[in-house]
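Working notes, beginning with the structure itself.
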Amino acid sequence: MRLGIIGCGAIGTDVAIAADAMSDIEKIYLFDILPAASKKLCLKLKKASIQPVEDFLSEVDVVFEAASQQAVTQYAAKVLEAGKDIIIMSIGSLFDDSLRKKLETTARKHHRKIYLPSGAVCGIDGVLAASIEKLDSVTLVTTKPPASLGKTVEERTVVFKGNARDAVKEFPKNINVAACLSLAGVGFDETKVEIVADPVETRINHKILAHGRFGRLRAEVENMPNPNNPQSSYMASLSAIATLRRVMDPLQIA
Ligand SMILES: NC(=O)c1ccc[n+]([C@@H]2O[C@H](COP(=O)([O-])OP(=O)(O)OC[C@H]3O[C@@H](n4cnc5c(N)ncnc54)[C@H](O)[C@@H]3O)[C@@H](O)[C@H]2O)c1
């Protein structure tokens, strides 16, 4: 399989290094808006070369996006129109209903898939299954060290309380998990989100609380920050690598 990567930052680097070691991956194409980032990553890999997205699209089987919401707007439809699958990390971009519907329609037309890794959060599988029946309430409580939210606070402070749509608009880089949870469960308008900045916290804590016809769910993860980007949880990279494996593996744990 040949893999294209858009975004060579913390997650793109972790995924590229893992993919470089996978026997199923023959070739990796890299693109970053900052040429220095793709060059730095390319030097660490055996199977990689650097090319603009438009140039590598005809060569690849799947594209992995780990760049920004803007990159999703710019490239995702092109990837699907070229008949390739895409794995999207900047899931917050999908709060835009018209973009999301356009991507879904394009994927259907070209018989392609849009993979959304569960990312930094745990419990998405349960919410997805529970959403088959009526879900009464889904809430995400995220607690982060203030610096990773770009805040300076002396004590535990609730910096956001509202729905997921507003959360991903206000914190486009920090709360992709709210977007993934919304799409798995009750949507962007009904999913409740609370974001807390806590100076005592050294890890990134995500807690999902849901109840409905199935019963009650409570899933919590305490993530270590990614060593290359303290705003990202290392779990997000691991989840991305697991999704890439899923794209290739015959055995699927759903
Ligand atoms: N789904 C999740 O759970 C989850 C978790 C963490 C991060 N994320 C998201 O994944 C993305 C990557 O995260 P990261 O921690 O690797 O970030 P990062 O800042 O370390 O790396 C992003 C890289 O993408 C590049 N980039 C930005 N815009 C681009 C564009 N339009 N075209 C090409 N390259 C572009 C940047 O130059 C940078 O090198 C972000 O959007 C982040 O919000 C998702």
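Just so you know, ligand 1 is whichever comes first in the structure, and atom 1 is the first atom listed for that ligand.
- Atom 3 (O) of ligand 1 has A120 N, 3.1 Å as its closest protein atom, hydrogens excluded (heavy atom only).
- For atom 25 (C) of ligand 1, the closest non-hydrogen atom of the protein is D32 OD2, 3.2 Å.
- Taking every non-hydrogen atom of A236 and a distance limit under 4.0 Å, the qualifying atoms of ligand 1 come out as 5 (C), 6 (C).
- When side chains are defined from C-beta on, N176 does not count as touching V168, because their heavy atoms never get closer than 4.5 Å.
- Near F31, meaning under 4.0 Å from one of its heavy atoms, ligand 1 places the atoms 32 (N), 33 (C).
- Surrounding CD of E154 are at most 12 heavy atoms belonging to other residues, nucleotides or ligands under 6.0 Å away.
- Annotation for K47: atom NZ counts as buried by contact number, over 12 foreign heavy atoms lying within 6.0 Å.
- Put simply, the side chain of Y115 reaches to within 4.5 Å of the side chain of V247, judged on heavy atoms.
- Considering only heavy atoms from C-beta on, I6 stays 4.5 Å or farther from I33 through its side chain.
- Of the listed options A71, S233, S93, A71 places a heavy atom closest to atom 30 (C) of ligand 1.
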#### Entry: N205/N223 under side chain to side chain donor-acceptor pair (under 3.5 Å): CA gap, chis, key distance, verdict
CA-CA 6 Å; N205 180 298; N223 285 320; over 6 Å; no
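- Counting atoms of ligand 1 from 1 in the listed order, those under 4.0 Å from a heavy atom of L34 are 37 (O).
- For a threshold of 3.5 Å applied to N or O pairs, the pair formed by S68 and ligand 1 contains at least one separation below that value.
- Taking atom 16 (O) of ligand 1 as the reference point, the nearest protein heavy-atom neighbour is I11 N, 2.8 Å.
- The closest heavy-atom contact to atom 35 (C) of ligand 1, among the options A10, A67, P117, comes from A67.
- Sparse packing is recorded around CD of E190, with 12 or fewer heavy atoms of other residues, nucleotides or ligands lying under 6.0 Å away.
- For atom 18 (P) of ligand 1, the nearest non-hydrogen atom from the set N229, V53, I5, V72 belongs to N229.
- Counting heavy atoms from C-beta outward, I208 and V127 have side chains that approach closer than 4.5 Å.
- A heavy-atom distance below 4.5 Å is found between the side chains of S232 and I11.
- The neighbour count for K27 NZ, taken as heavy atoms of other residues, nucleotides or ligands under 6.0 Å away, is above 12.
- When only non-hydrogen protein atoms are considered, atom 33 (C) of ligand 1 lies nearest to I33 N, 3.3 Å.
- Among protein heavy atoms, atom 4 (C) of ligand 1 sits closest to N176 CB, 3.8 Å.
- With ligand atoms numbered from 1 in the order given, ligand 1 contributes 6 (C), 7 (C), 14 (P), 15 (O) to contacts under 4.0 Å with heavy atoms of S232.
- In this structure the side chain of K40 never reaches within 4.5 angstrom of the side chain of C8, judged on heavy atoms.
- Nearest-residue assignment for atom 22 (C) of ligand 1 (options A66, P230, C180, G7; heavy-atom criterion): A66.
- Listed by number with element, the atoms of ligand 1 under 4.0 Å from a non-hydrogen atom of K173 are 43 (O).
- For atom 41 (O) of ligand 1, the closest heavy atom belonging to the protein is S90 OG, 2.6 Å.
- Shown here is I253, whose CD1 atom has no more than 12 heavy atoms of other residues, nucleotides or ligands within 6.0 Å.
- In summary, the atoms of ligand 1 found under 4.0 Å from a heavy atom of Q70, numbered by their order in the structure, are 31 (N).
- The nearest protein atom to atom 1 (N) of ligand 1, hydrogens excluded, is given as M89 O, 3.1 Å; this is a heavy-atom distance.
- Counting only heavy atoms of the protein, atom 21 (O) of ligand 1 lies nearest to G9 CA, 3.2 Å.
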